[in-house]
Number of protein chains: 2
Amino acid sequence: MSISSRFTVGVHILALIELNKEGISSSEFLAGSVNTNPTLIRKIMGMLKKAGLIEVQPGIAGAKLAKEPSYITLLNVYKAVDVVQEKELFSVHENPHPDCLVGRNIQDSITPVLSTAQFAMEKVLGNVTIEDIAKDIVEKEKLKIQ
Amino acid sequence: MSISSRFTVGVHILALIELNKEGISSSEFLAGSVNTNPTLIRKIMGMLKKAGLIEVQPGIAGAKLAKEPSYITLLNVYKAVDVVQEKELFSVHENPHPDCLVGRNIQDSITPVLSTAQFAMEKVLGNVTIEDIAKDIVEKEKLKIQ
DNA sequence: TACGTTGTAATCAAATTAAATACATGATTA
DNA sequence: TAATCATGTATTTAATTTGATTACAACGTA
């Protein structure tokens, strides 16, 4: 199992909007860079818009960031594109048997650990911003050119 | 998306083997507590055996822990049942367009963050043992009885 | 030799993902 | 005003994964 690539596509979209801020980032343009179809991009753009991360208007070509890129974390994107529900990174088997000591207590015992693990993962995403990614992309490009 | 319940079922199995150490933990017995079918249990038991966490023999009823429960972490179980591959908790969109600055650098930029996030999650699992879970189950049971 | 257990392969329905098509709605411009 | 281009959204499709289920071979013991 893997977390949907909607998340990394979302990050790609935002980083590209930022680095292309002088140009027009239409869904078709973004789709070209991501290498997928514009419909998927528009679907994700809709989620990013709903989360207040970008500004888009029907009929008007191009999306803009709704905040400074240093104020958009990867966690914001992750939540926006809805890839993992709260406390549901791990699925827990349902209906363990209540007549068994373990069966009737395992869920309560294990759930806090799973939540803590999920939060630890999400915290890392919260410490990285779109600005960080955009700058790193520029940095990596410089290294390639040399 | 969610990580397969094979993981929590694996933890359930190990905790039950530990708490039922005086009895015989056959796949049918374990399946009753988990509330699933014995085949799934045997499949997971096979993975736990392969990882050196339990001892089982064809034809002989019952599984035993292969190590002290204080030496079996949830991370051991998680790796044993193969629910998430290394560095693949997040799926990254493939084939971004190389003619775009972002397209040709996004993977290298984002992969380290994703790996760090995954490791942070796994580290939490590595800090909890089957003994911890077993003791917590007994503890929670005591609270219920009062 | 029976019987019960583990080990394993194969099949099935349900859910999720990403690609693709189609079309309504909004804004610009010729 | 009509044509064009963009966004927004619903629907369909194939591929993949999950968990349930059936079937049966291999192993041990009574």
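Basis for what follows: all heavy atoms, side chains included, without hydrogens, waters or symmetry-related copies. Within every chain, numbering begins at 1; the chains are lettered A, B, ... in the order of the sequence lines, protein sequences first and strands thereafter.
- Distances shorter than 4.0 Å separate some side-chain N or O of A:S5 from OP1 or OP2 on C:dA18.
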TODO: Check the pair B:F7, B:L125 against side chain to side chain contact (heavy atoms under 4.5 Å, CB included), reporting the backbone distance first and the verdict last.
DONE: CA-CA 11 Å; B:F7 170 48; B:L125 300 183; 4.1 Å; yes

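- With the nearest nucleotide of DNA chain D identified for both B:V83 and B:P58, B:V83 has the one nearer the 5' end.
- What you find for B:E122 and B:K79 is that their closest heavy atoms are OE1-NZ, 4.3 Å.
- Sorted by residue number, the list of members of residues 90-111 of chain B with any non-hydrogen atom under 4.0 Å from DNA chain C is empty.
- Between the CD atom of A:E88 and the P atom of C:dA15 there is a distance of 15 Å, given to the nearest Å.
- Nearest nucleotide to the B:S26 side chain, out of C:dT17, C:dT5, D:dA6: C:dT5.
- The distance from atom CG of A:D99 to atom CG of B:N35, rounded to the nearest 0.5 Å, is 10.5 Å.
- Taking the nucleotide of DNA chain C with the nearest heavy atom to each of B:A63 and A:I3, the more 5' of the two is matched to B:A63.
- The nucleotide whose nearest atom lies closest to any side-chain atom of A:S4 is, among C:dT6, D:dT18, C:dA18, C:dA18.
- Note: CD1 (A:I24) to P (C:dA27) measures 16 Å, nearest angstrom.
- Of the N and O atoms on the side chains of A:K67 and A:N76, not one donor lies less than 3.5 Å from an acceptor on the other residue.
- Rounded to an integer number of Å, the gap from B:D82 CG to D:dT17 P is 12 Å.
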(message) Before you tell me yes or no, could you show the steps for A:H12 and B:V102 under side chain to side chain contact (heavy atoms under 4.5 Å, CB included), namely the whole-Å CA-CA distance, both residues' side-chain angles and the distance that decides it to 0.1 Å?
(response) CA-CA 7 Å; A:H12 186 142; B:V102 175; 3.5 Å; yes

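- When all heavy atoms of A:K49 and A:P58 are compared, the pair lying nearest together is NZ-CD, 4.3 Å.
- Smallest separation of non-hydrogen atoms from A:P38 and A:E28: CG-CA, 4.2 Å.
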Between A:I133 and A:L74, is the side chain to side chain contact (heavy atoms under 4.5 Å, CB included) condition met? List the steps.
CA-CA 9 Å; A:I133 298 292; A:L74 298 202; 4.1 Å; yes

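- The distance between atom CD1 of B:I60 and atom C1' of C:dG4, rounded to the nearest whole Å, is 12 Å.
- For the pair A:S27 and D:dT7, the criterion of a side-chain N or O lying under 4.0 Å from OP1 or OP2 is met.
- With hydrogens and angles left out, the side-chain atoms of A:H93 and B:T8 include a donor and acceptor closer than 3.5 Å.
- The stretch residues 28-57 of chain A touches DNA chain C through A:T36, A:N37, A:T39, A:L40, each having a heavy atom under 4.0 angstrom from the strand.
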